[in-house]
Amino acid sequence: MPTESGSWAAARQTKQKRKSHSLSIKRTNSSEQDRPGLQRDMLEGQDSKLPSSVRNTLLELFGQIEREFENLYIENLELRREIDTLNERLAVEGQTIDGAELTKGQMKTKASHSTSQLSQKLKTTYKASTSKIVSSFKTTTSRAICQLVKDYVGHRDGLWDVSVTRTQPVVLGTASADHTALLWSIETGKCLIKYVGHAGSVNSIKFHPAEQIALTASGDQTAHIWRYMVQLPTPQPTADTSISGEEEVDFSDKDENEGDGDISSDCPTVRVPLTSLKSHQGVVIAADWLVGGKQAVTASWDRTANLYDVETSELVHSLTGHDQELTHCCTHPTQRLVVTSSRDTTFRLWDFRDPSIHSVNVFQGHTDTVTSAVFTVGDNVVSGSDDRTVKVWDLKNMRSPIATIRTDSAVNRISVSAGQRIIALPHDNRQVRLFDMSGVRLARLPRSNRQGHRRMVCCCAWSEDNPTCNLFTCGFDRQAIGWNINIPALLQEK
């Protein structure tokens with residue numbers, strides 16, 4: 001009987017505490033219902049140089065934050081009350097359980113275990129709520145700074161590479177597994193030229209620095225140099241493509257571009273190259289022009305890179321040393337330097353500045369395939385890898401990277417903007433992220449169920465001179481996308 005009466009008294013006391021506490025919570029909620037309205041009136045009464053739309057957005061965000069923290073506060077109180085109730089129940093029932101006395105140490109251990117579980121639940125709830133708040137900020141920021149402008153749809157298979165011309169008129173080039181390369185009007189999204197000279201997948205496309213000539217690499221073990229002549233159509237007004245809804249959506253597995261006709265069928269077609277470079281014994285995975293455009297370099301799965309004279313098509317140098325297939329090659333914009341990357345986890349720097357000496361340096365900074373390594377306008381090399389990292393190197397001291405970016409997915413062919421030195425990272429998981437040269441994350445390109453890539457993003461390319469789109473991406477969903485990145489706002493957010 002003493003045990004029962006003690007338990008009943010404790011339960012009654014707990015019930016009274018819970019009732020009075022719930023009443024206090026109700027009073028608190030009712031008294032704070034008008035707070036957002038009061039805050040809005042106070043803010044609207046103050047002088048501000050912010051546009052009304054920006055102020056309204058800020059007010060809405062701060063209102064969301066306040067509501068989230070109110071919910072957190074209430075949940076915190078509820079959890080603390082559960083802890084108090086559990087401790088009181090253990091104190092009452094601890095005298096006789098299963099007919100045996102519980103020692104003080106056993107009671108303390110049991111109470112501590114239950115309290116730690118509730119504490120962990122509280123931490124999990126807090127993290128989930130705060131991450132939701134942070135996510136809302138990031139989503140709003142990404143949508144304001146990174147806007148999708150145009151889709152370029154017309155290929156019948158995945159796209160491996162995207163590039164922008166360095167001369168006027170500025171056009172976009174795409175290389176596809178459907179054995180073709182297409183040139184596009186950036187403003188209208190119309191196909192201008194279709195190149196069909198390859199007998200295999202077209203793996204890369206690069207434009208001559210001074211003439212209307214393209215260089216493409218292919219799975220048919222060749223690289224082609226071909227001339228194009230384009231006339232840009234008159235731009236038409238475009239519909240509003242502002243992004244709405246949730247940023248993260250899981251796409252279905254239905255075929256992309258279902259119902260789209262062959263847009264490229266009406267394009268003028270180029271069938272025969274000016275020159276074909278044929279010295280490789282395997283897939284040619286990439287090619288690029290050396291500064292001046294008189295020589296070109298190719299990278300192949302036969303583990304070699306070749307340097308050619310463009311005018312004569314003769315092989316000048318065969319660059320050997322990689323232990324596995326090459327994945328990419330890139331040339332310096334102003335110097336006779338070449339960097340090649342490979343599945344052997346290394347990338348190599350080849351120096352042709354001195355005609356009599358062709359030095360090579362090997363760099364082993366990654367633990368998996370180096371998917372690409374590119375030069376910046378300054379004295380840096382940026383390398384990306386399947387080990388989910390990107391490393392920034394100084395050409396003057398390549399012993400160790402000066403910055404390392406760690407991501408959650410394999411990195412494909414990266415691009416660095418010449419003017420602002422912003423790194424664009426395309427990922428296997430369909431994401432595209434932007435970082436600065438010190439490794440600070442600046443933004444992530446938004447994705448929704450209507451816009452963005454639906455499959456692996458293979459390549460990025462910056463365009464410094466185009467006012468409409470200054471970043472292009474392509475992926476294995478058969479399309480390229482043009483983005484407008486508000487770089488001043490992006491750097492200000494940093």
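Quick note: residue numbers are just sequence positions, from 1.
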Chemist: Less than 4.0 angstrom from a charged side-chain N to a carboxylate O is my criterion; do R413 and D161 meet it?
Modeler: yes

Chemist: For the backbone of D323 and the side chain of D344, can you confirm whether one donor and one acceptor N or O come within less than 3.5 Å of each other?
Modeler: yes

Chemist: Before you tell me yes or no, could you show the steps for F375 and W393 under ring-ring contact (aromatic ring centres under 6.0 Å, His included), namely the whole-Å CA-CA distance, both residues' side-chain angles and the distance that decides it to 0.1 Å?
Modeler: CA-CA 10 Å; F375 291 101; W393 309 77; over 10 Å; no

Chemist: Check the orientation of Y228 and F207. Use parallel for under 30°, tilted for 30 to 60°, and perpendicular for over 60°.
Modeler: perpendicular

Chemist: Has the side chain of D288 got a donor or acceptor atom that lies under 3.5 Å from a matching backbone atom of T331?
Modeler: yes

Chemist: Please give me the minimum heavy-atom distance between C469 and F472, naming the atom from each residue.
Modeler: CB-CZ, 3.5 Å

Chemist: Side chain to side chain contact (heavy atoms under 4.5 Å, CB included) between N470 and I487: does it pass, once the steps are laid out?
Modeler: CA-CA 9 Å; N470 52 5; I487 293 181; 4.0 Å; yes

Chemist: Could you verify whether a donor N or O on one side chain and an acceptor N or O on the other, from T404 and T389, lie under 3.5 Å apart?
Modeler: no

Chemist: Below 4.5 Å, heavy atoms only, C-beta onward: do V310 and W289 meet side chain to side chain?
Modeler: yes

Chemist: Heavy-atom distance under 4.5 Å between the side chains of H427 and L425, does that happen here?
Modeler: yes

Chemist: Within the structure provided, determine whether D436 and L442 are in side-chain contact (heavy-atom separation under 4.5 Å).
Modeler: yes

Chemist: Evaluate side chain to side chain contact (heavy atoms under 4.5 Å, CB included) for L232 paired with V171, printing each intermediate quantity in order.
Modeler: CA-CA 8 Å; L232 296 180; V171 298; 3.6 Å; yes

Chemist: So, D477 versus Q479: side-chain donor-acceptor pair below 3.5 Å or not?
Modeler: yes

Chemist: Let's go through F352 and H317 carefully: what are the C-alpha distance in whole Å and the side-chain angles of both, what is the deciding distance for ring-ring contact (aromatic ring centres under 6.0 Å, His included) to 0.1 Å, and is it a yes or a no?
Modeler: CA-CA 10 Å; F352 298 101; H317 294 289; 5.8 Å; yes

Chemist: State whether R353 and D351 are salt-bridged, where the test is any N-O pair (Lys NZ or Arg NE/NH1/NH2 against Asp/Glu carboxylate O) under 4.0 Å.
Modeler: yes

Chemist: Examine distances only and state if a side-chain atom of S385 and a backbone atom of T369 form a donor-acceptor pair shorter than 3.5 Å.
Modeler: yes

Chemist: Any Lys/Arg nitrogen of R399 or D394 sitting under 4.0 Å from an Asp/Glu carboxylate oxygen of the other?
Modeler: no

Chemist: Evaluate the side-chain proximity of N306 to H280: yes if any heavy-atom separation is below 4.5 Å, no if none is.
Modeler: yes

Chemist: Does a donor on one side chain and an acceptor on the other come within less than 3.5 Å for T216 and H198?
Modeler: yes

Chemist: Would you say the side chain of W184 lies within less than 4.5 Å of the side chain of T174, judging by non-hydrogen atoms?
Modeler: yes

Chemist: Please check if the side chain of W462 supplies one atom and the backbone of I422 the other of a donor-acceptor pair under 3.5 Å.
Modeler: yes

Chemist: Decide side chain to side chain contact (heavy atoms under 4.5 Å, CB included) for V362 and L349; before the verdict, give the C-alpha distance in whole Å, the side-chain angles of both, and the deciding distance to 0.1 Å.
Modeler: CA-CA 7 Å; V362 183; L349 178 64; over 6 Å; no

Chemist: Tell me whether the centres of the aromatic rings in Y152 and H155 are closer together than 6.0 Å.
Modeler: no

Chemist: Kindly compute the distance separating CD1 (I186) from OG1 (T165), expressed to the nearest 0.5 Å.
Modeler: 6.5 Å

Chemist: Measuring only between side-chain heavy atoms, which start at C-beta, is V270 closer than 4.5 Å to V196?
Modeler: no

Chemist: Is atom CH2 of W350 surrounded by more than 12 heavy atoms (other residues, nucleotides or ligands) closer than 6.0 Å?
Modeler: yes

Chemist: Roughly how far, to the nearest 0.5 Å, is the CG atom of L395 from the CG atom of D379?
Modeler: 5.5 Å

Chemist: Side chains of F363 and V381: does their closest heavy-atom pair fall under 4.5 Å?
Modeler: no

Chemist: Closest heavy-atom contact between Q212 and P169?
Modeler: NE2-CD, 3.4 Å

Chemist: Looking at every heavy atom in both I414 and G384, which two are closest together, and how far apart are they?
Modeler: CD1-N, 4.0 Å

Chemist: Keeping the roles fixed (side chain from T222, backbone from K278), state whether a donor-acceptor pair exists under 3.5 Å.
Modeler: no

Chemist: Enter the distance from I423:CD1 to N380:CG here, rounded to the nearest 0.5 Å.
Modeler: 8.5 Å

Chemist: Backbone N or O of S176 within a donor-acceptor pair of the H179 side chain at under 3.5 Å?
Modeler: no

Chemist: Could you tell me if N412 and D428 have a donor-acceptor pair between their side chains, going purely by distance under 3.5 Å?
Modeler: yes

Chemist: Identify the heavy atoms of T367 and D387 that sit nearest to each other, and give their distance.
Modeler: N-OD2, 3.0 Å

Chemist: What distance separates L61 CG from L59 CG, expressed to the nearest 0.5 Å?
Modeler: 9.0 Å

Chemist: Going by distance alone, is a donor N or O of one side chain under 3.5 Å from an acceptor N or O of the other, for T320 and H322?
Modeler: no

Chemist: To the nearest 0.5 Å, tell me how far N429 CG sits from H453 NE2.
Modeler: 12.5 Å

Chemist: Do the non-hydrogen side-chain atoms of Q295 and R336 ever get within less than 4.5 Å of each other?
Modeler: yes

Chemist: Sub-3.5 Å donor-acceptor pair from the side chain of S218 to the main-chain atoms of S201, do we have one?
Modeler: yes

Chemist: What's the shortest heavy-atom distance between V170 and S463, and which atoms?
Modeler: CG1-OG, 4.5 Å

Chemist: How close do A287 and S204 get, counting heavy atoms only, and between which atoms?
Modeler: N-OG, 3.2 Å

Chemist: For the aromatic rings, using the six-membered ring if either is Trp, is the centroid distance between F476 and W160 under 6.0 Å?
Modeler: yes

Chemist: Has S313 got a side-chain atom pairing as donor or acceptor with L277's backbone, closer than 3.5 angstrom?
Modeler: no

Chemist: Between E311 and K294, is a side chain to side chain contact (heavy atoms under 4.5 Å, CB included) present by the stated rule, with each step listed?
Modeler: CA-CA 7 Å; E311 186 176 353; K294 294 183 178 181; over 6 Å; no

Chemist: Any chance you could lay out the salt bridge (charged side-chain N to carboxylate O under 4.0 Å, His left out) test for R433 and D408, step after step, and finish with the verdict?
Modeler: CA-CA 11 Å; R433 295 183 173 93; D408 59 355; 3.2 Å; yes

Chemist: Ignoring hydrogens and angles, state whether a donor on the side chain of H366 or S383 is under 3.5 Å from an acceptor on the partner side chain.
Modeler: yes

Chemist: Without swapping roles, check the side chain of T327 against the backbone of R343 for a donor-acceptor pair under 3.5 Å.
Modeler: no

Chemist: Rounded to the nearest 0.5 Å, how far does OG1 of T275 lie from CD1 of I225?
Modeler: 5.0 Å

Chemist: Using only atom types and a distance under 3.5 Å, with no angle test, would you say the side chain of S415 pairs donor to acceptor with the backbone of A424?
Modeler: no

Chemist: Charged N to carboxylate O under 4.0 angstrom, E211 versus R227?
Modeler: yes

Chemist: It should be assessed whether the SG atoms of C267 and C191 lie less than 2.5 angstrom apart.
Modeler: yes

